[in-house]
J.: 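Handing you a structure now.
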Amino acid sequence: MKYYIKTFGCQMNVHESEKLAGMLESLNYTKTDKINDASIIVFNTCCIRDGVEQKILGNIGQIKKIKKANKDLIVAICGCMAQADGRSELIYKKFPFVDIIFGTHNIHLFKEFIINFKRNHKKISDIWKEANGIYENIEISRDNLYSNAWVNINFGCNNFCSYCIVPYVRGRERSRNYQEIVNEVEALVKQGYKYITLLGQNVNSYGNDFEDKSINFSFLLKKICEIKGDFKIKFMTSHPKDLSEDVIKTIASNDKICKVIHLPIQSGSNKILRLMNRKYTKEHYLTLIDLIRKYIPDAYISTDIIVGFPGETEEDFMETYNLVNQVKYDGVFAFMFSKRSGTVAEKMENQIDEETKKTRIHKLLELTKSITKQKNENSIGKTFNVIAIEKSEKGFLTMSDSGKTIIVNDELEINKFYNVEITKFAYNKLFGKLVN
Ligand code: SAH
Ligand code: SF4
Ligand code: F3S
């Protein structure tokens, strides 16, 4: 009995797929990377933009012929898209070969769904209207990619950015008990994980739902830093409206915390930020960037941007463009606005045509490409702490805290941290040498 899981979307989903895998393995399934060899196929879906949904629908369609060749195959669809309004009905109708559909709020029941389906071969479609809690102790089979382990700190989102479907498919914000988190991290460090990445739609609002207001993100970071061992902490995503000076100072003053901050701006125009319901201004955002650079001069800062939000004029777009040029981000993830049903922005006037969106995103990507190239060239002579991940023909592949690959020609031990000085940037690749 083999399982094949395909994951779409963000790290939250990548981590949840590890839980799906854990549940499958506890039912004696083993993993396969070949979809045709599977006795159960699971698609863990995303619906953040329409393009993703269309791709997923296309991919589900391709399962039809596999099911034809293997009548005993079980097909399960879950995740954010399955959770979104009307989608489970659509999948059910369009793809009669799908056996099990469930949403994001009841993934802990996956095992029961499989057992029940195997017992009576009746289709299962179970989408909960509301997320009603936090489920601890779900079995898990971690991917262990680059020695990283994902750890949930809060689920859901309360922000309702006007373009975003996440609050509708992930429910209200719920923070995990901090002792549970600390215990999980402690166990992972003992198992040898070198990176612990804390996950939440907005990590900075961790604990907002607790009565005890002293338990917040900064408190949690400090508690995790007290854990003994050779490991580092990452986290995502930070929301500019909630990132505090206190958190920035905590990041600055703890060696265990990676100096990597993903801080989505979305737009550089205050008018658009207001329409997006982001609850901060460009000026506030830039103050945060200054604070980060004051306390953590070598911080790696990345961002998300949406171009072509309803009402975005050429001037609004240029404000975003100029802000990107001013901040000189280390990484930019740019997206064209996509209408999501049920969101406020879906019904907004002055929707932007696709051509304009494409022109704007290309212009922005050209800029970010040149900034990245410049940054890579400027990194020559600088030292990075890296982890050795693999031996290749060219030398050892290592990875910096921010995920940059650096090729090193010295003898290294896999999964160990080293300090490496950049010696060369060529063919879009960074090369370095070991320093003490
Ligand atoms: N919780 C995170 C991000 C979640 S979604 C945060 O608040 O930053 C990841 C990114 O997808 C967002 O930052 C946004 O840039 C993009 N995104 C979300 N909804 C979108 C939409 N309807 N159209 C285009 N991009 C979108
Ligand atoms: Fe979506 Fe905004 Fe919540 Fe991020 S903070 S998940 S963009 S609603
Ligand atoms: Fe993530 Fe996509 Fe859901 S981005 S939270 S998997 S809608």
Side-chain angles (χ1 to χ4, degrees), residues 6-17 20 43-53 55-56 77-85 87 103-105 107 131 150 152-174 198-206 208 235-243 261-268 272-273 275-280 285 302-310 312 320 324 329 331-348 351-352 354 357-358 360-361 364:
K6 193 172 172 73
T7 310
F8 301 84
C10 64
Q11 285 76 10
M12 201 68 79
N13 257 18
V14 171
H15 184 39
E16 266 161 18
S17 285
L20 297 168
F43 276 15
N44 190 8
T45 64
C46 168
C47 56
I48 197 80
R49 285 170 290 275
D50 186 55
V52 187
E53 285 202 63
K55 183 173 152 199
I56 294 169
I77 311 287
C78 62
C80 292
M81 181 181 173
Q83 182 70 47
D85 229 12
R87 305 312 196 278
T104 54
H105 305 333
I107 78 156
W150 310 104
N152 294 117
I153 67 164
N154 49 5
F155 299 92
C157 183
N158 286 352
N159 292 314
F160 289 94
C161 301
S162 63
Y163 49 81
C164 187
I165 197 163
V166 172
Y168 302 91
V169 294
R170 290 273 171 182
R172 294 296 63 71
E173 199 172 87
R174 284 107 59 210
L198 309 177
L199 292 179
Q201 293 300 340
N202 174 3
V203 290
N204 296 288
S205 56
Y206 173 77
N208 277 4
F235 52 87
M236 63 197 322
T237 296
S238 299
H239 195 305
K241 85 177 163 62
D242 297 309
L243 175 62
I261 303 179
H262 184 58
L263 194 63
I265 174 92
Q266 311 297 0
S267 170
I272 298 296
L273 286 173
L275 288 170
M276 286 177 162
N277 193 31
R278 287 291 286 181
K279 301 197 175 86
Y280 55 82
Y285 185 90
S302 57
T303 201
D304 287 349
I305 283 169
I306 296 177
V307 302
F309 186 83
E312 184 187 71
T320 305
V324 168
Y329 288 105
V332 173
F333 301 90
F335 310 101
M336 292 190 283
F337 170 73
S338 168
K339 257 193 201 180
R340 305 285 64 213
S341 56
T343 63
V344 172
E346 181 202 9
K347 306 232 160 54
M348 280 182 182
Q351 296 280 336
I352 308 297
E354 293 304 303
K357 286 182 198 168
K358 277 189 194 148
R360 288 179 186 169
I361 201 164
L364 193 63

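Quick note: residue numbers are just sequence positions, from 1. We count ligands from 1, going down the list as the structure has it; atoms in each ligand are counted the same way.
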J.: In terms of residue, atom name and distance, what is the protein heavy atom nearest to atom 7 (S) of ligand 2?
T.: Tyr163 OH, 3.4 Å

J.: Within the structure, is a non-hydrogen atom of Met336 found at a distance of less than 4.0 Å from ligand 1?
T.: yes

J.: With a cut-off of 2.8 Å, does any N, O or S atom of Cys46 fall short of it relative to atom 1 (Fe) of ligand 3?
T.: no

J.: Rounded to the nearest 0.5 Å, how far does CG of Leu243 lie from OG1 of Thr237?
T.: 12.0 Å

J.: Nearest protein heavy-atom contact for atom 1 (Fe) of ligand 2: which residue, which atom, what distance?
T.: Cys164 SG, 2.3 Å

J.: Atom 3 (C) of ligand 1: which protein heavy atom is closest, and how many Å away?
T.: Gln201 OE1, 4.1 Å

J.: Measure the distance from atom 1 (Fe) of ligand 3 to every protein heavy atom, then report the residue, atom name and distance (to 0.1 Å) of the closest one.
T.: Cys10 SG, 2.3 Å

J.: Determine whether any heavy atom of Gln201 lies closer than 4.0 Å to an atom of ligand 3.
T.: yes

J.: Atoms of ligand 1 less than 4.0 Å from Arg340 heavy atoms?
T.: 22 (N)

J.: Before signing off on this row, confirm whether Asp304 and ligand 1 have an N or O atom pair separated by under 3.5 Å.
T.: yes

J.: Relative to ligand 2, is Cys157 under 4.0 angstrom through side chain, backbone, both or neither, heavy atoms considered?
T.: side chain

J.: Does atom NZ (Lys55) have a neighbourhood of more than 12 heavy atoms from anything else shown, all under 6.0 Å?
T.: no

